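Here the structure is laid out as structure tokens; the discussion comes afterwards.
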Amino acid sequence: MHDIRFIRDFPDAFDEALKRRGLAPLAEEISSIDAKRRALQTDLQSMQSRRNEASKQIGMLKSKGEDASSMIAEVADIKAKAPEMEAQEAQLAEALNNHLMGLPNILDASVPQGDDEDDNELVRTVGDKPSYDFTPQDHVSLGEGLGQMDFAKAAKLSGARFVVLKGQMARLERALAALMLDTHTQEFGYAEMLPPAIVNSATMTGTGQLPKFADDLYRVEEDKWLIPTAEVPLTNLLADSITDAADLPVRMTAYTPCFRAEAGSAGRDTRGMIRQHQFSKVEMVSVVAAEESANELERMTNCAEAILQKLGLHYRVMKLCSGDTGFSAQQTYDIEVWLPGQDEGRGQYREISSCSNCGPFQARRMKARMRREAGGDTEFLHTLNGSGLAIGRTMIAVLENGQQEDGTILLPEALHGYMGTDKLVPFNS
RNA sequence: GGAGAGGUGGCAGAGCGGUUGAAUGCACCGGUCUUGAAAACCGGCAUGGGUUUAUAGCCCAUCGAGGGUUCGAAUCCCUCCCUCUCCGCCA
């Protein structure tokens, strides 16, 4: 959500920010709606003020047993005029709100201009691509080959974009989640949380999924939605509250299922586990004071990278360009892991984590505020979220990177304890 | 799902048609006292918005949410949401 005062005070900067998002200028239109609304509100309030004053006098006159009929008539007159003005005011307020809630966040100055993922900027590459003296298989062949991944059964149960994992691969999900949670809580100070996976519309609106992206969500009943990421419940934990500066930063992590209708992705990544309607993710959320958010984004990205490093996976960090940065973010780093089995064994980088600084954008929507000192003003917090990591895609990476020519998988050492073995072998053997 | 009881400031808890944005206590902040601390005492202490050069004033709104009755609603009525107790069901 945008700050109407910013639009009022810096219309050109706002329109420039819209332009970076590929949107037409709106500052003038928004400011004009706002000006009309405030003028109307001022009139309305002075009427209400008169009404309140008259009512008090009526009370006093009546208590003395005097006649108040002329004042009662005056109030009646005000009451006759008010509804039309109130309706107008409400209409303007709604129009204004639709603009403020429907427009994407202002991009950080450092975000490169671009149209899509091809214009993202390489920040760093860590580790080296593994080499194989055979053509690497993708995770589908590997998983099905080991009898531990069943897309056909999942399709029968649920439809496209689901999977059934069996045996060691089912356990691998749990092992990865445990490694991630242990790392974030023990090494990086994140508090482990277990939030609801179903939230109401107000919560979805707070983080920016609603009102614009309802089609990407699953709705289980009126006003009940399945979360697409734990960012939603975790960040909204701070909604409608004022946090003491001494309690910052707030860092939380959670392992939850995530549900995405993938409305706009029909036909993309139809093979395998890359894009599923249901997947699990360990999410990190940080809530900090304004001046800390830039540093916190770097820190959070490093926390996600730490998981990849523990798993010995090669990856690169990309700074998303203007066209690829999400609605609520002002700046985003994507971490792309190397998947040697993709593209017929030639390999491909694929997003495995996305870490975003949303600035005050979500906080303003959900009224998440902070106070620096007793009696001081409130100000909006900055919120950040990042995957640490997406479990399904991490599993793909572990499988494709650890594969042997015979189709078995050598596991990274960090998982041996969690898995009780160093190798994935055919199911039931 | 059924029956009942409730939802008031950071917390506890009064108010139940009039000048109440809301008693009182606790917490918190400032001060007096004290070598220091505690205690005691004094004062302050909701949020959002409008107006304004103004963090000064003045004004509006908010006592779960939304409607209604009334000159006037935290207080009365309706709908919804949530919490608690009991019953039913259930992992």
Side-chain angles (χ1 to χ4, degrees), chain A residues 1-9 30-97 99-101 194-206 210 219-225 233 236-248 250 256-257 290 360 362-381:
Chain A
M1 186 175 182
H2 292 283
D3 181 1
I4 183 62
R5 290 191 183 128
F6 177 81
I7 301 175
R8 236 146 56 189
D9 295 345
I30 294 173
S31 296
S32 133
I33 294 171
D34 173 56
K36 277 186 212 154
R37 191 192 72 86
R38 279 184 296 127
L40 203 53
Q41 186 183 14
T42 302
D43 291 348
L44 204 50
Q45 287 184 352
S46 66
M47 269 170 54
Q48 289 166 330
S49 178
R50 261 186 282 134
R51 184 204 60 196
N52 290 344
E53 184 52 37
S55 290
K56 280 183 192 174
Q57 288 178 13
I58 291 166
M60 285 190 284
L61 289 173
K62 284 200 164 185
S63 70
K64 291 184 211 155
E66 292 174 25
D67 175 52
S69 55
S70 71
M71 305 231 64
I72 290 176
E74 189 190 338
V75 173
D77 189 46
I78 291 172
K79 282 180 68 174
K81 279 192 266 180
E84 191 191 326
M85 287 173 71
E86 282 167 3
Q88 262 183 52
E89 197 274 341
Q91 200 182 335
L92 288 167
E94 193 193 341
L96 183 64
N97 197 47
H99 273 122
L100 298 179
M101 293 293 268
L194 201 159
I198 298 178
V199 300
N200 60 29
S201 300
T203 303
M204 282 293 188
T205 305
L210 291 179
R219 185 171 63 185
V220 292
E221 57 179 75
E222 184 65 31
D223 201 41
K224 289 283 183 294
W225 309 77
N236 275 284
L237 250 15
L238 281 290
D240 297 312
S241 66
I242 301 171
T243 303
D244 195 292
D247 296 329
L248 298 174
V250 174
T256 69
Q362 294 178 323
R364 198 173 282 119
R365 288 175 160 254
M366 66 174 75
K367 299 177 178 60
R369 291 153 294 166
M370 62 170 282
R371 200 195 311 271
R372 291 182 194 272
E373 55 192 42
D377 284 337
T378 65
E379 49 191 293
F380 288 110
L381 289 157

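Here is the naming used below: chain letters follow the sequence lines, and residue numbers restart at 1 for every chain. Given the structure is predicted, the values throughout are model-derived calculations rather than measurements.
- An OP1 or OP2 oxygen of B:G48 is reached within less than 4.0 angstrom by a side-chain nitrogen or oxygen of A:Thr378.
- With a 6.0 Å radius and a threshold of 12 heavy atoms from other residues, nucleotides or ligands, A:Gln88 has its CD atom above the threshold.
- Which of B:C71, B:U47, B:U19 sits closest to the side chain of A:Val75 comes down to B:C71.
- Partner assigned to B:A39 is none, using Watson-Crick or G-U wobble distances below 3.5 angstrom.
- Regarding A:Ile58, its CD1 atom lies at a distance of 15 Å from the C1' atom of B:A73, rounded to whole Å.
- Rounded to whole Å, the distance from CZ on A:Arg371 to C1' on B:G48 is 12 Å.
- Regarding contacts with the backbone of B:U51, a side-chain N or O of A:Arg38 is found under 4.0 angstrom from either OP1 or OP2.
- In this structure, the CZ atom of A:Arg372 is 19 Å from the P atom of B:C29, given to the nearest Å.
- For the pair A:Arg5 CZ and B:U52 C1', the interatomic distance rounds to 13 Å; values are reported in whole Å.
- A sub-4.0 Å separation between OP1 or OP2 of B:U70 and a side-chain N or O of A:Lys79 is absent.
- Applying the side-chain hydrogen bond (donor to acceptor under 3.5 Å, both in side chains) test to residues at least two apart or on different chains, none of the pairs has a partner in residues 237-247 of chain A.
- Contacts of A:Ile242 with the nucleic acid, taken as non-hydrogen atoms under 4.0 Å apart, involve only primed sugar atoms and P, OP1 or OP2.
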Side chains of residues 40-50 of chain A: which donor-acceptor pairs under 3.5 Å do they make with residues two or more places apart or in other chains?
{"from": "A:Thr42", "atom 1": "OG1", "to": "A:Arg38", "atom 2": "O", "distance (Å)": "2.8"}
{"from": "A:Ser46", "atom 1": "OG", "to": "A:Asp43", "atom 2": "O", "distance (Å)": "2.9"}

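- Rounded to whole Å, the distance from CE on A:Met71 to C1' on B:U19 is 14 Å.
- Base-pair partner of B:A74: not found among the strands shown (Watson-Crick or G-U wobble, both distances under 3.5 Å).
- Residues from residues 45-53 of chain A placing a heavy atom under 4.0 Å of any atom in RNA chain B, listed by number, are A:Gln45, A:Gln48, A:Ser49, A:Arg51, A:Asn52.
- The nearest whole Å value for the distance from the NZ atom in A:Lys367 to the P atom in B:A61 is 19 Å.
- Judged by Watson-Crick or G-U wobble contacts below 3.5 Å, the nucleotide B:G6 has B:C82 as its partner.
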